[in-house]
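This is a predicted model, so every value here is computed, not measured. Nothing fancy with the numbering, it's 1 onward along the sequence.
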Amino acid sequence: MSTHDNGEPGIKKAKMATSESSIVAIGNPLLDISATGTKKFLEKYGLDANNSILAEEKHIPMFQEMVDNFNVEYIPGGATQNTIRMAQWVLQEPKRCAFFGCIGNDEYGKILSNKMLEFGAHVNYLINEDHPTGTCACVLTGNDRSLVANLAAANHYKKDHLMKPENWEHVVKAKLLYVAGFHLTVATDAMLELGKHASKHNKIFSTNLSAPFLCQFFSEQQMSVMPYVDFLFGNETEFAAFSKQQNFETEDLTEIALKAAALPKINKQRERTVVITQGSLPTIVAHGGKVTEYPVNEVKEEDIVDTNGAGDCFVGGFLSQLIQDKSIEDCIKVANYCASYIIKQSGITMEDKPCIE
């Protein structure tokens, strides 16, 4: 293959505007089926009130049961796609974000494509003719949410799609590459391609622990990607699971953050930053051997509508500032704004313009 002046094999120099595709992500595009449920419904399917899991055979009937018995909303979802939508909303400039994933050739897939285009993001899905578009059951009980993802087509994303010249040119142009941890169950090889590119060209590569089960059951894949990670996000439950799996021998989040930040890293030009959210408690940030805590925005309990996706949107706000070379404090400020905004909405919906000072 030939090489070009951007250092990438077989890819022509991008002709996009300088502001386009600042953030490029791959992930599992899902359509959220969201509804307020009951404790009895959770118990029927063996679900915790506040957790994220992949659907097993026993869970498949719950999707139709929700549609039949609850007042459901259909909202574009999937952790990485949520993050990209939030970042795009904050940036308010067309095509600053690009997203790749796999959907089915069906109505749900058309909804997802249209919604992303409405947001102004660049999107190019791999279309799978054999599987339907993935869905995620979001069962809300009080301020808790139980997520059950049926990946379907999303589970069939291929690295070859990412490497196509028309898609890879967005990667070449990007300043930051992001993939939520959920994609470890789908295409770790694609995540590694992004990590290697970021390391080689001193770009930012970021990921998210995303769910405790990933730390427990996909540790090998997770740790193959970790040496490339510049920014690692997750909540207190996820980092507790990560600490246990990595034998950190501590439950103290400050120590966990420091140990995660100190894990082996390939690009020595960037020290890893670890960001741990704790709901209403301060956000913990470890960088350069030091830990800083940042308070979150207080939201009255009566104003909380739906906590689903708060972590995804926190990351979206953070990344929107990171690509503008803002300080960690400024990144956290906007991340907190996005998280506090979204929990006042039903689903990941942004109907007005952001009000960021």
Side-chain angles (χ1 to χ4, degrees), residues 27-82 85 101-116 118 128 130-156 180 182 185-186 210-214 235 237 279 299 301-313 339 341-351:
N28 303 335
L30 306 175
L31 188 68
D32 287 350
I33 301 175
S34 181
T36 298
T38 62
K39 183 179 179 180
K40 184 177 180 180
F41 182 78
L42 294 177
E43 290 174 347
K44 178 178 179 179
Y45 289 100
L47 301 173
D48 293 332
N50 199 35
N51 199 5
S52 300
I53 65 170
L54 292 178
E56 300 174 23
E57 193 66 30
K58 67 179 182 181
H59 297 123
I60 300 304
M62 70 179 288
F63 292 83
Q64 189 60 46
E65 187 173 341
M66 288 178 66
V67 173
D68 293 341
N69 298 323
F70 298 137
N71 183 23
V72 302
E73 288 186 276
Y74 297 101
I75 305 168
T80 303
Q81 195 164 238
N82 289 340
R85 289 174 65 218
C102 185
I103 60 174
N105 187 11
D106 53 24
E107 191 61 30
Y108 283 172
K110 292 177 184 176
I111 291 173
L112 289 178
S113 296
N114 290 336
K115 289 292 184 181
M116 290 296 282
E118 287 173 9
N128 187 293
D130 299 322
H131 299 275
T133 297
T135 51
C136 181
C138 307
V139 186
L140 311 175
T141 52
N143 292 333
D144 293 326
R145 86 281 183 274
S146 186
L147 307 180
V148 183
N150 181 22
L151 296 183
N155 201 38
H156 296 273
F182 289 116
T185 71
V186 178
S210 297
F213 81 87
L214 293 168
N235 64 30
T237 306
V299 179
E301 188 170 350
E302 58 266 28
D303 292 334
I304 298 175
V305 176
D306 180 2
T307 59
N308 180 29
D312 303 334
C313 293
Y341 173 90
I342 211 66
I343 65 176
K344 298 174 187 175
Q345 320 300 317
S346 178
I348 312 301
T349 55
M350 299 79 105
E351 297 181 353

Point to revise | Validation row: V139, M62 side chains within 4.5 angstrom (heavy atoms) | key: yes

Check your understanding: Between K344 and V305, what is the shortest heavy-atom contact and its length?
Key -> O-CG2, 3.2 Å

Review point. Between A153 and G104, what is the shortest heavy-atom contact and its length?
Key: CB-N, 3.5 Å

**Study point:** ring pair (Phe, Tyr, Trp, His ring centres under 6.0 Å) pairs, two or more places apart, involving residues 35-68
**Key:** F41-Y45, F41-F70

Point to revise | Interatomic spacing from CG in L30 to CG in L112 - rounded to 0.5 Å | key: 8.0 Å

Exercise for review: Mark yes or no for whether S146, through its side chain, and D48, through its backbone, hold a donor-acceptor pair below 3.5 Å.
Suggested key: yes

Review point. If you measure from NZ on K115 to OG1 on T349, what distance do you get to the nearest 0.5 Å?
Key: 9.5 Å

Check your understanding: Should N155 and H131 count as side-chain neighbours, where that means a heavy-atom distance under 4.5 Å?
Key -> no

**Study point:** Partner of T133 under side-chain hydrogen bond (donor to acceptor under 3.5 Å, both in side chains), chosen from N128, D106, N150, N105
**Key:** D106

Study note, to complete from the structure: Closest non-hydrogen contact found for M66 with A137 is SD-CB, 3.6 Å

Exercise for review: Hey, could you give me the CD1/CD distance between I348 and Q81, rounded to the nearest 0.5 Å?
Suggested key: 11.0 Å

Exercise for review: Report the distance from atom CG of L147 to atom CZ of F182, rounding to the nearest 0.5 Å.
Suggested key: 7.0 Å

Check your understanding: Where do C102 and P29 come nearest, in terms of heavy atoms and distance?
Key -> O-CG, 3.4 Å

Point to revise | Non-hydrogen side-chain atoms of I103 and Y108 separated by less than 4.5 Å | key: no

Check your understanding: So do the side chains of N28 and T80 get within less than 4.5 Å of each other, counting heavy atoms only?
Key -> no

Point to revise | Residues that K110 engages under salt bridge (Lys or Arg N to Asp or Glu O under 4.0 Å), provided they are two or more places apart | key: none

Review point. Going from CG on N82 to CD1 on I342, what distance comes out if it is rounded to the nearest 0.5 angstrom?
Key: 8.0 Å

Review point. Between N51, N50, T36, which is the residue that forms a side-chain hydrogen bond (donor to acceptor under 3.5 Å, both in side chains) with R145?
Key: N50

Practice item. Taking all non-hydrogen atoms of both residues into account, name the closest pair between T141 and A49 and its distance. Key: OG1-CB, 4.0 Å

**Study point:** The single option from V148, D32, I75 passing side chain to side chain contact (heavy atoms under 4.5 Å, CB included) against C138
**Key:** D32

Study note, to complete from the structure: In terms of heavy-atom contacts, S52 and A211 come closest through O-CB, 4.0 Å

Exercise for review: Could you check if a side-chain atom of S34 sits within less than 4.5 angstrom of a side-chain atom of L140, using non-hydrogen atoms only?
Suggested key: yes

Check your understanding: So does N71 have more than 12 non-hydrogen atoms from other groups sitting under 6.0 Å from CG?
Key -> no

Practice item. Would you mind reporting whether Y74 and I33 have side-chain heavy atoms less than 4.5 Å apart? Key: yes

Exercise for review: Assess whether atom CD of E57 is packed by more than 12 heavy atoms of other residues, nucleotides or ligands within 6.0 Å.
Suggested key: no

